[in-house]
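A quick write-up on the structure given underneath.
Below, chain A is the first sequence line, B the second, and so on; all start at residue 1.
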Amino acid sequence: MSMQEIRVRFAPSPTGPFHIGGARSALFNWLLARKTGGKLILRVEDTDLERSTKESEENIKDALHWLGITWDEGVDIGGPYGPYRQTERLAIYRQYTDQLLATGQAYLCYCTDEELEAERQALMAKNEMPCYSGRCKNLSPDDEARFIAEGRKPTVRFKVPANVEIGFKDLVRGAVVFDSNGIGDFVIVKSDGIPVYNYAVVIDDALMNITHVIRAEEHLSNTPRQVLLYQALGFPVPQFAHISLILGKDRSKMSKRHGATSVEQYRALGYLPEAIVNFLALLGWSPVGEEEIFSRQELIEQFSMERVAKNPAVFDVDKLNWINANYMKKLSPEELAEMVIPHLEAAGYISGTLSPEKRAWVTEVAVALREHISYAAQIVDHVDIFFNDSYDFENDEARMLLQDVDLPRVITSFREKFHAMEVIDVPGVKALLKAVTKELKLGGKKVYMPIRVLLTGKTHGPELFHLIPLLGKERTLARIENTLKKI
RNA sequence: GGCCCGUUUGACAAGCGGUUAAGUCACCGCCCUUUCACGGCGGCUUCGGGGGUUCGAAUCCCCCACGGGUCACCA
């Protein structure tokens, strides 16, 4: 028995920033395709003419590229089942609409928005399911002529059969059954001739030979409508897999008020694509072993739909940060600098093209700080001590440290040795500080802490032997003098 | 409101009728240490409630509660 090639698709609508939940849907599709040697198709569902923008489509493709999610057929690269943009497939949909109309499986509806809204309100008031009554189903020729004369533009509605059980197997949820009586005749083509999502998606998935439809759970209740359409059109029904939603901290659907929700925002904050992919994969899917850090390749090897969870998952930024920090540690100094520089520019610490020396210095600063940050943007919270020679004491503890009776001896010893240093480098400063503690017979704390406060005004920060070489001889000495004047 | 989906510790979750109910993040403690961070070690009262089925239930069935989704000429 030969395995049929798995064909999955990611079909975003380009109507806004690319949501992190969309990215996860794309990722799961991609993982299954890569895992099985199948194909991932990228189709753009732009039938909402009001809200769809080219800019948004570009944004989505950019984000996908950035995440390393590649498609085998679709917009930009084409393929045997194109076009892959729904607004370019209108003629195709029309054919099937004619077929549905001709066979009596669909009909024209002349109801206005106002009429429909009134009907809906009436039903709601009676506590009944607000679904369309079907009153245009058997319109008399006279009425129809009248509506046309009035200039009404009809929609096309699908005739939903009564008393039918619509069941399908969901890879994540198991058997799901709906009652057709709960579904009113729904619009499949808008009055402007553009098909509605539920309709276009069926024709496209069928024509593009999609075998597995992996998408967010919010589409679960749309699925019975689609199954009906598959049957009416004589198409085979694909496998469905509805993955759970991503929730915010308060367990409601993730939205703006939960913080960053778009891929673009995380990118801008300085998260790494590998980390986002890793984190997203863990949201709803679980690996077999104990390891949680996976490269894309490892994810592909380990992924399986069987291990996708049914329950919704809360987006936990702390865990994302932990994962991202893991990947940041693996960066080379140059890569790290690359990530951090835009944030330093934005914060006004640097500008323009950096000289090679300055760039090297910034790189070292980033390296000194890398253990302290989870994502690139956080660099600005720690970097001030390197750029700003004037500062205030962070707190009383800092002030107190400079009241210590041993302070004069520490300063004298340090200054003396430091003056004598030819080259200010990490091992040199390390040795110097050690020599001071030894000479004065003081604990490390008695030496390091006052010097730290003298140099930065703060009680914590990066290692002194990183800090001092980066400040250099003059700035180090000058800072000590300036601070001493303040006490 | 109808329909559908879900409910294991603060979060992600493993678990598929018999386990001391994994692991990861967070948190707490200890160790390392010049601080913070990193790292190491340890801790962290978990199966929403109630009925069944069964020798035995987190696991199967029913009811309830709660959360979510959906009922558009949006996707």
Side-chain angles (χ1 to χ4, degrees), chain A residues 11-15 45-48 50-52 86 109 111-113 116-117 120 123-124 126-132 153-157 170 172-174 176-179 181-184 186-198 200-201 215-225 242 244-245 247 249 251-253 279 282-293 307 309-323 325 329 369-373 382 397 401 433 437 443-453 458-465:
Chain A
S13 61
T15 53
E45 309 216 326
D46 56 349
T47 54
D48 185 341
E50 303 282 297
R51 297 192 301 146
S52 294
Q86 289 187 326
C109 170
C111 293
T112 62
D113 283 341
L116 293 170
E117 189 52 34
R120 218 185 336 262
L123 284 169
M124 295 274 257
K126 283 193 294 181
N127 247 339
E128 278 175 41
M129 179 91 162
C131 59
Y132 181 64
K153 292 259 182 288
T155 61
V156 180
R157 280 186 189 270
D170 191 282
V172 175
R173 276 149 226 292
V176 182
V177 183
F178 289 83
D179 182 349
N181 294 331
I183 305 171
F186 55 93
V187 172
I188 56 175
V189 181
K190 304 178 216 175
S191 55
D192 61 2
I194 307 291
V196 139
Y197 161 74
N198 273 131
V201 74
R215 72 214 327 182
E217 190 188 341
E218 57 193 295
H219 292 289
L220 190 58
S221 352
N222 280 145
T223 308
R225 290 177 181 73
H242 288 93
S244 61
L245 261 18
L247 271 28
K249 264 235 150 13
R251 302 211 134 265
S252 69
K253 193 174 169 180
F279 175 67
L282 257 20
L283 232 45
W285 169 81
S286 65
V288 174
E290 293 174 10
E291 186 57 43
E292 305 249 335
I293 301 293
R307 296 190 70 85
K310 307 180 204 297
N311 44 321
V314 172
F315 190 95
D316 182 9
V317 188
D318 285 333
K319 185 149 184 179
L320 204 213
N321 285 346
W322 174 76
I323 291 175
K329 281 177 203 158
L369 254 18
R370 93 197 293 168
E371 296 289 297
H372 297 255
I373 61 174
H382 302 269
E397 191 195 346
L401 278 161
L433 289 167
T437 56
K445 207 163 192 163
K446 287 275 216 176
V447 173
Y448 291 82
M449 287 306 278
I451 294 177
R452 175 181 299 285
V453 175
K458 297 185 195 308
T459 51
H460 34 245
E463 311 273 12
L464 280 186
F465 50 78

Lys249(A) NZ to C25(B) C1', in whole Å, measures 10 Å
Heavy atoms under 4.0 Å, any strand shown: does Lys446(A) hit a base, just sugar-phosphate, or nothing?
-> nothing
Of the candidate nucleotides C5(B), U70(B), A26(B), which contains the atom at the shortest distance from the side chain of Asp318(A)?
-> A26(B)
Atom P, compared across C63(B) and C3(B): separation rounded to whole Å | 12 Å
Not counting sequence neighbours, which residues clear salt bridge (charged side-chain N to carboxylate O under 4.0 Å, His left out) with Lys458(A)? List them please.
-> none
Hey, does the side-chain of Ser191(A) have a donor or acceptor N/O within less than 3.5 Å of a partner on the base of C73(B)?
-> yes
Hey, is Trp322(A) stacking on C25(B)? Ring centres under 5.5 Å, planes under 30°.
-> no
Using side-chain contact (heavy atoms from CB on, under 4.5 Å) as the criterion, list what pairs up with Pro312(A), not counting sequence neighbours.
-> Ser244(A), Leu247(A)
Under 4.0 Å protein heavy-atom contacts per nucleotide of nucleotides 61-66 of chain B, with B for base, S for backbone only and - for none = ------
Counting any heavy atom closer than 4.0 Å, what does His219(A) reach on the DNA or RNA strands: base, sugar-phosphate only, or nothing?
-> base
Write out a two-atom table: protein N or O, nucleotide N or O from nucleotides 12-16 of chain B, distance below 3.5 Å.
from: C12(B); atom 1: OP1; to: Arg251(A); atom 2: NH2; distance (Å): 3.2
from: C12(B); atom 1: OP1; to: Val314(A); atom 2: N; distance (Å): 3.0
from: C12(B); atom 1: O2'; to: Leu282(A); atom 2: O; distance (Å): 2.9
from: A13(B); atom 1: OP1; to: Gly284(A); atom 2: N; distance (Å): 2.8
from: A14(B); atom 1: OP1; to: Ser286(A); atom 2: OG; distance (Å): 3.4
from: A14(B); atom 1: O3'; to: Arg307(A); atom 2: NH2; distance (Å): 3.2
from: G15(B); atom 1: OP1; to: Arg307(A); atom 2: NH1; distance (Å): 3.1

Taking atom P in both C36(B) and G15(B), what distance in whole Å separates the two?
-> 40 Å
Roughly how far, to the nearest 0.5 Å, is the SG atom of Cys111(A) from the CZ atom of Arg157(A)?
-> 6.5 Å
Report the residue (Arg452(A) or Val187(A)) whose heavy-atom-nearest nucleotide on RNA chain B is the more 5′ of the two.
-> Arg452(A)
Which value, in whole Å, describes the distance between the P atoms of nucleotides G40(B) and G18(B)?
-> 34 Å
Listed by chain and number, what are the side-chain contact (heavy atoms from CB on, under 4.5 Å) partners of Asp113(A), not counting sequence neighbours?
-> none
Hits for side-chain hydrogen bond (donor to acceptor under 3.5 Å, both in side chains) against His219(A), two or more places apart or cross-chain, chain-then-number order -> Tyr197(A)
Which whole number of Å gives the distance between the C1' atom of G51(B) and that of A13(B)?
-> 29 Å
Quote, to the nearest angstrom, the P distance that separates G29(B) from C38(B).
-> 14 Å
What is the distance from CD of Glu218(A) to P of U70(B), rounded to the nearest Å?
-> 6 Å
Looking across every strand, which nucleic acid part, if any, lies under 4.0 Å from Asp179(A) by heavy atom: base, sugar-phosphate, or nothing?
-> nothing
Nearest-angstrom distance from the residue atom CG of Asn321(A) to C1' of A11(B) | 13 Å
Counterpart residues, side-chain contact (heavy atoms from CB on, under 4.5 Å), relative to Val156(A) (two or more places apart) | Thr97(A), Leu101(A), Ala106(A), Leu108(A), Ile188(A), Val189(A)
May I ask you to say what Arg370(A) touches in the nucleic acid, namely base, sugar-phosphate or nothing, with a heavy-atom cut-off under 4.0 Å?
-> nothing
Asp48(A): what forms a side-chain hydrogen bond (donor to acceptor under 3.5 Å, both in side chains) with it, not counting sequence neighbours?
-> Arg51(A)
Distance, nearest 0.5 Å, that separates CZ of Arg173(A) from NZ of Lys310(A) = 7.5 Å
If you measure from the P atom in C73(B) to the same atom in A58(B), how many Å do you get, rounded?
-> 48 Å
List for me each residue that meets side-chain hydrogen bond (donor to acceptor under 3.5 Å, both in side chains) alongside Glu218(A), sequence neighbours excluded, and say none if there are none.
-> Lys253(A)
Got a sec, which residues hit side-chain contact (heavy atoms from CB on, under 4.5 Å) with Lys249(A), two or more places apart in sequence or on another chain?
-> Asp316(A)
What nucleic acid atoms does Thr223(A) come within less than 4.0 Å of, heavy atoms only: base, sugar-phosphate, or nothing?
-> nothing
Measure from NE2 on His242(A) to P on C5(B) and round the result to the nearest Å.
-> 12 Å
With a non-hydrogen cut-off below 4.0 angstrom, is Ser13(A) in contact with a base, only sugar-phosphate, or nothing?
-> sugar-phosphate
Can you find a pair of side-chain heavy atoms, one from Glu292(A) and one from Ile323(A), that are under 4.5 Å apart?
-> no
Could you check which nucleotide pairs with G10(B) in any of the strands shown, counting Watson-Crick or G-U wobble with both distances under 3.5 Å?
-> C25(B)
Any side-chain N or O of Lys190(A) less than 4.0 Å from the OP1 or OP2 oxygen of A75(B)?
-> yes
Interatomic distance, Glu45(A) CD vs C73(B) P [rounded to whole Å] = 18 Å
So, do Asp192(A) and Lys153(A) sit near enough that their side-chain heavy atoms are less than 4.5 Å apart?
-> no
Base, sugar-phosphate, or nothing: which does Val177(A) touch, judged by heavy atoms less than 4.0 Å apart?
-> sugar-phosphate
Atom-pair distance (OH on Tyr197(A); P on C73(B)), nearest Å = 16 Å
With Thr223(A) via side-chain hydrogen bond (donor to acceptor under 3.5 Å, both in side chains) - residues at least two apart = Arg215(A), His242(A)
Could you measure between the two C1' atoms, the one in A22(B) and the one in U59(B), and give it in whole Å?
-> 16 Å
Check the interface with nucleotides 36-38 of chain B: list each N/O to N/O pair with the protein under 3.5 Å, or write none.
from: C36(B); atom 1: O2; to: His372(A); atom 2: ND1; distance (Å): 2.9
from: C36(B); atom 1: O2; to: His372(A); atom 2: NE2; distance (Å): 3.4
from: A37(B); atom 1: O2'; to: Glu371(A); atom 2: O; distance (Å): 2.3
from: C38(B); atom 1: O4'; to: Glu371(A); atom 2: OE1; distance (Å): 3.4
from: C38(B); atom 1: O3'; to: Lys329(A); atom 2: NZ; distance (Å): 3.3
from: C38(B); atom 1: O2'; to: Glu371(A); atom 2: OE1; distance (Å): 2.9

Separation of atom CD1 in Ile323(A) from atom P in A11(B), rounded to whole Å = 17 Å
For C28(B) versus G67(B), give the span between their P atoms, rounded off to a whole number of Å.
-> 30 Å
May I ask you to say what Asp170(A) touches in the nucleic acid, namely base, sugar-phosphate or nothing, with a heavy-atom cut-off under 4.0 Å?
-> nothing
Would you indicate, yes or no, if U70(B) has its OP1 or OP2 atom less than 4.0 angstrom from a side-chain nitrogen or oxygen of Arg225(A)?
-> no
Can you find a pair of side-chain heavy atoms, one from Val196(A) and one from Thr47(A), that are under 4.5 Å apart?
-> no
